[in-house]
Amino acid sequence: MKKELIINKYLPIKLLLVATSVAIFSCSSDSVSSDDDTTEELAEDSADEEAVTELHAAYAAFNTDATTIYLDGSNVVIETTGLPDHESVYWGEGNDLYREETEVALTPSIMSSNNNAVTITVDATPDLTGDSVDTNFDTIGIAVSGASIFNDQEGAGTLDDAATSLDWTGAHIGPGVYHYHLEPVAFSDDDSNLVGILLDGVFLYGRKCDSTSDYPDDLDVSGGHTSTTQYTDGEEEYHYHIINEEYSVPTSYGYSYLAFVGPYQGY
Ligand SMILES: [Zn+2]
Ligand SMILES: [Zn+2]
């Protein structure tokens, strides 16, 4: 059922693009969304194999200096330099975005000399019908800033021992790319802002939900639920939130919130 709701979201766009559909062009755009029977039938007919014709509106929130995002059939490809558009100590002294953070236990790498580039391919329409899938160490999603999102694992162990190396926005360079483990307060600080897209094609938002302007109280184990968001034009859609429970290990800046631990629901 959730899947159909997501498919329905794209239908008005698809329908508008079908020039042969005289009825649609002879009516106001209201007829597209108000004719529920037609919408339902088309949703079933369109199935998974039909290419999506429009990027989800939420992708407009991504940092265009870092990311190139495009449709490839029923997939969305996100290419990123991995270089975020906000300050961090990890830019290194002399960089315009360098931020002095003397309390951070710096890892050896500096962003401006590190290869942070990542490309991910996700379903344009997440498959919410199957089993949940655990997240792994490494990139689990791309944030709107262009940098990677990780879960609560660090190298072969847990994040706990590395937490003091996290910068003001919950990120560091561990092995590999610059990445967020915690609520990235540079662009989502106790609000409903879009945080990023995860590998299962489901969007991750801040601790609050746009549908209520408050902390959601109906989240599943992944931090997910189905409601409208600021990017769904009134349609309900499954999405994740940063779960509003403090991570038990403090950083140099105090306690924060894990960005996403999983499991994925969209694989
Ligand atoms: Zn890390
Ligand atoms: Zn929500």
Side-chain angles (χ1 to χ4, degrees), residues 2 5-6 9 56-58 61 82 84 88-90 104-111 114 116 118 126 128 135-143 147-184 188 190-198 202-244 247 249 251-253 256-262 265-266:
K2 290 171 181 172
L5 286 171
I6 290 170
K9 175 171 59 57
H56 193 295
S88 170
V89 66
Y90 284 100
V104 172
L106 269 180
T107 60
S109 300
I110 294 300
M111 191 150 17
N114 192 50
N116 297 280
V118 175
L128 299 167
T135 58
N136 292 318
F137 170 70
D138 208 343
T139 294
I140 63 165
I142 301 296
S148 285
I149 301 169
F150 275 36
N151 62 11
D152 58 347
Q153 298 170 41
E154 183 68 16
T158 66
L159 175 63
D160 298 9
D161 294 334
T164 55
S165 67
L166 296 172
D167 65 12
W168 70 286
T169 190
H172 65 174
I173 302 178
V177 301
Y178 177 80
H179 56 269
Y180 309 98
H181 287 283
L182 306 179
E183 177 182 58
S188 180
D190 193 21
D191 55 35
S192 61
N193 289 352
L194 182 67
V195 171
I197 180 73
L198 300 189
V202 177
F203 290 102
L204 172 66
Y205 291 84
R207 285 186 280 140
K208 291 178 179 172
C209 189
D210 180 72
S211 64
T212 58
S213 301
D214 203 347
Y215 307 112
D217 58 7
D218 59 345
L219 299 180
D220 61 23
V221 65
S222 303
H225 73 159
T226 301
S227 77
T228 61
T229 78
Q230 61 269 49
Y231 299 106
T232 61
D233 195 24
E235 298 286 335
E236 293 196 329
E237 171 180 280
Y238 183 78
H239 57 277
Y240 301 123
H241 286 279
I242 294 175
I243 296 176
N244 191 37
Y247 173 46
V249 177
T251 71
S252 305
Y253 292 89
S256 184
Y257 307 83
L258 289 165
F260 186 80
V261 175
Q265 300 292 340

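In each ligand, atom 1 is the first atom listed, and ligand 1 is the first ligand listed. Everything numeric here is computed off the predicted structure, so don't read it as measured data. Position 1 is the first residue of the sequence, and the numbers go up from there.
Each protein N/O/S atom under 2.8 Å from the Zn ion (ligand 1) was counted, for a total of 4.
In this structure, Gln265 and Val202 have side chains that are not in contact, with every pair of non-hydrogen atoms separated by 4.5 Å or more. Between Cys209 and Ser227 the shortest side-chain heavy-atom distance falls below 4.5 Å. At least one side-chain heavy atom of Tyr253 sits under 4.5 Å from a side-chain heavy atom of Val104.
Checked against a 6.0 Å centroid threshold, the rings of Phe203 and His56 count as neighbours.
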Could you please spell out the steps behind the side chain to side chain contact (heavy atoms under 4.5 Å, CB included) verdict for Leu159 and Val249?
CA-CA 9 Å; Leu159 175 63; Val249 177; over 6 Å; no
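Residues passing the ring-ring contact (aromatic ring centres under 6.0 Å, His included) test with Phe137, sequence neighbours excluded: Phe150. Every residue two or more places apart in sequence or in another chain that forms a ring-ring contact (aromatic ring centres under 6.0 Å, His included) with Tyr205 is listed here: His239.
Taking 4.0 Å as the cut-off between side-chain N and carboxylate O, Arg207 and Asp190 count as a salt-bridged pair.
Using modelled atom types and a 3.5 Å distance limit, the side chains of Asp191 and Asn193 yield a donor-acceptor pair.
Ordered by chain and number, Cys209 SG, His225 NE2, His239 NE2, His241 NE2 make up the set of protein N, O or S atoms under 2.8 Å of the Zn ion (ligand 2).
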